[in-house]
Amino acid sequence: MPVTVGIAGITGKFARELAAALLKTPDVTIKGYCRDPTKVPQSLSSKVSLAKGDAFDTSAIRPFVSGCDVVVCCYLGDNKLMVDGQKLLIDACAAEGVPRYVASDWSLDYTKLKLGELFPKDPMIHIKAYLDGQDKVKGVHILVGMFIEPFFGPVFGTFDASTTTFKYWGTGDEIWEGTTYRNAAEYTAAVCADKNASGILRLVGGRATFREIAGSFEKVYGEKPKLERQGSTEDLFNHMHELRKKDPQNLFSYLFLFFQYYMINGQTLVGPELDNDKYPQVKPVSWEDYLRAVPRDQLAGAYFNVGQNV
């Protein structure tokens with residue numbers, strides 16, 4: 001059955017991966033929305049219908065969502081964009097008769113968080129509540145754990161490529177749930193094509209402990225990494241809050257520590273019960289699968305290449 005998918009924020013990393021996955025899905029038509037259509041790669045722009053406008057331009061948003069069977073929000077930005085911008089999209093969907101809206105989630109299970117705990121996820125909590133109150137538009141929330149690529153990058157703080165050191169808090173035996181950008185996009189494309197899909201969908205590529213991830217690294221690359229314990233889970237909690245209190249404007253000094261804390265304290269686990277089996281056409285990509293697909297010398301920079309080869 002033909003499906004028209006609208007992608008808001010189509011120039012972003014994940015949006016590009018999603019568009020590429022949708023183009024491989026039968027009977028799918030794509031409409032894209034962004035501030036500058038010239039930034040959409042030629043490989044995609046020649047195959048999708050593009051509309052120009054920003055997140056707060058209601059006169060452009062309504063025509064963009066019109067005729068869509070589902071709208072996917074790929075916005076990434078400050079709280080105003082992630083809350084008010086998404087509400088305008090949802091309102092437009094309601095006005096234009098779009099039955100489903102995929103919120104900009106793709107994260108750990110924020111439904112188990114209180115406002116203010118993992119503060120970057122507060123907009124998701126607000127948007128889920130807003131969608132739950134809708135009678136014309138069904139919300140779709142895709143939970144994937146964390147994106148795997150940043151775990152091995154230079155800023156997240158878990159892997160130092162220059163010294164081949166994995167750095168962890170806690171015991172190292174806590175479960176880490178992760179999904180690659182491309183795998184998450186494949187699952188999202190399958191959800192878009194499934195007109196019955198709504199609500200929370202738990203679609204995770206791989207679940208492994210920190211020690212297992214380090215073990216996979218050694219198995220794949222034949223290089224034994226060092227494991228460096230930073231402290232207990234309680235130490236992490238105290239450290240990240242001290243940094244935030246000391247210099248709240250220095251966001252990146254503590255932001256990823258908050259993510260690490262809520263990844264390992266068990267509060268936001270998506271699994272173990274998952275919805276992967278609903279979409280057997282998508283092969284889940286585990287932590288080890290990902291490592292096998294990325295050359296060792298490209299591991300640290302792989303995040304920056306997401307969405308480039310589409």
Side-chain angles (χ1 to χ4, degrees), residues 7-9 12-15 17-18 21 70-76 82-83 86 90 100-115 117-132 134 137-151 156 174-194 196-209 213 256 258-287 289-290 306:
I7 302 177
K13 286 178 178 290
F14 181 77
E17 294 285 352
L18 174 57
V70 57
V71 166
V72 185
C73 179
C74 292
Y75 292 165
L76 181 63
M82 301 308 289
V83 177
Q86 285 203 79
I90 295 164
R100 291 190 299 147
Y101 177 88
V102 181
S104 186
D105 292 342
W106 303 287
S107 73
L108 37 66
D109 191 351
Y110 64 87
T111 67
K112 301 172 185 175
L113 291 167
K114 295 176 183 175
L115 286 169
E117 286 186 323
L118 183 54
F119 56 93
K121 299 303 176 189
D122 284 357
M124 297 179 182
I125 297 173
H126 289 301
I127 289 302
K128 186 176 184 303
Y130 193 72
L131 281 163
D132 287 346
Q134 299 287 318
V137 183
K138 291 182 178 179
V140 182
H141 307 275
I142 300 174
L143 305 181
V144 300
M146 73 172 291
F147 284 124
I148 287 177
E149 289 88 345
F151 180 94
F156 194 71
E174 298 87 357
I175 293 288
W176 286 70
E177 297 174 324
T179 309
T180 69
Y181 275 86
R182 181 155 295 177
N183 203 201
E186 291 167 343
Y187 275 118
T188 303
V191 169
C192 288
D194 177 7
N196 294 317
S198 65
I200 294 172
L201 290 159
R202 302 172 183 276
L203 303 165
V204 176
R207 306 178 81 243
T209 68
I213 295 168
F256 299 112
F258 271 78
F259 274 97
Q260 288 189 48
Y261 176 76
Y262 286 102
M263 285 294 296
I264 68 173
N265 78 342
Q267 185 177 343
T268 62
L269 287 174
V270 178
E273 297 299 319
L274 302 174
D275 295 312
N276 295 18
D277 289 346
K278 290 183 178 179
Y279 304 104
Q281 70 271 37
V282 179
K283 180 186 181 298
V285 176
S286 70
W287 291 90
D289 293 335
Y290 172 71
V306 171

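Of the possible donor and acceptor atoms, one in the side chain of Q86 sits under 3.5 Å from a partner among the backbone N and O of S104. Listed for the N183 side chain is a donor-acceptor partner under 3.5 Å among the backbone atoms of V285. Counting only distance, with no hydrogens or angles, the side chain of Q267 and the backbone of K112 share a donor-acceptor pair below 3.5 Å.
Note that CD1 of I127 is 11.0 Å distant from CG of D132, once rounded to the nearest 0.5 Å. The OG1 atom of T111 sits 7.0 Å away from the NZ atom of K128 when rounded to the nearest 0.5 Å. Separating the OH atom in Y187 from the CG atom in L274 is a distance of 8.5 Å, to the nearest 0.5 Å. Atoms CG and NZ, on L131 and K138 in that order, are 13.0 Å from each other to the nearest 0.5 Å. Taking OH of Y290 as the start and CZ of R182 as the end, the distance is 11.0 Å to the nearest 0.5 Å. Taking CD of E177 as the reference point, atom CG of L108 lies at 8.5 Å (rounded to 0.5 Å).
A perpendicular orientation is assigned to the rings of F151 and W287, their planes being inclined by more than 60° (bins at 30° and 60°). Ring planes of F14 and F147: tilted class, angle from 30 to 60°.
In terms of heavy-atom proximity, C74 sits nearest to G9 at CB-O, 3.8 Å. Nearest heavy-atom pair across T268 and Y262 is OG1-O, 2.6 Å. The two residues D105 and H141 make their nearest non-hydrogen contact at OD2-ND1, 2.9 Å. Taking each heavy atom of C192 and R100 in turn, the nearest pair found is O-NH2, 2.7 Å. The shortest heavy-atom contact between A21 and A185 is CB-O, 3.8 Å. The minimum heavy-atom distance between V204 and T179, with the atom names listed, is CA-OG1, 3.4 Å.
For the 3.5 Å distance criterion, the side chains of Y279 and D194 qualify, holding a donor opposite an acceptor. For the residue pair D289/S286, the side-chain donor-acceptor check at 3.5 Å is satisfied.
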Chi angles and distances behind the side chain to side chain contact (heavy atoms under 4.5 Å, CB included) call for V140, V70: CA-CA 10 Å; V140 182; V70 57; 5.5 Å; no

Derivation and outcome, side chain to side chain contact (heavy atoms under 4.5 Å, CB included), residues Y261 and L118: CA-CA 9 Å; Y261 176 76; L118 183 54; over 6 Å; no

Check against side chain to side chain contact (heavy atoms under 4.5 Å, CB included), H126 and L115: CA-CA 9 Å; H126 289 301; L115 286 169; 3.7 Å; yes

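You'll find the side chain of L143 reaches within 4.5 Å of the side chain of S107, heavy atoms only. Between E149 and Y181 there is a side-chain heavy-atom pair separated by less than 4.5 Å. Considering only heavy atoms from C-beta on, W176 comes within 4.5 Å of Q260 through its side chain. With a 4.5 Å cut-off on side-chain heavy atoms, F156 and F259 count as touching.
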Name every donor-acceptor pair, under 3.5 Å, that has one atom in a side chain of residues 196-203 and the other anywhere in the protein, sequence neighbours excluded.
{"from": "R202", "atom 1": "NH1", "to": "D109", "atom 2": "OD2", "distance (Å)": "3.0"}
{"from": "R202", "atom 1": "NH1", "to": "V270", "atom 2": "O", "distance (Å)": "3.0"}
{"from": "R202", "atom 1": "NH2", "to": "D109", "atom 2": "OD2", "distance (Å)": "3.2"}

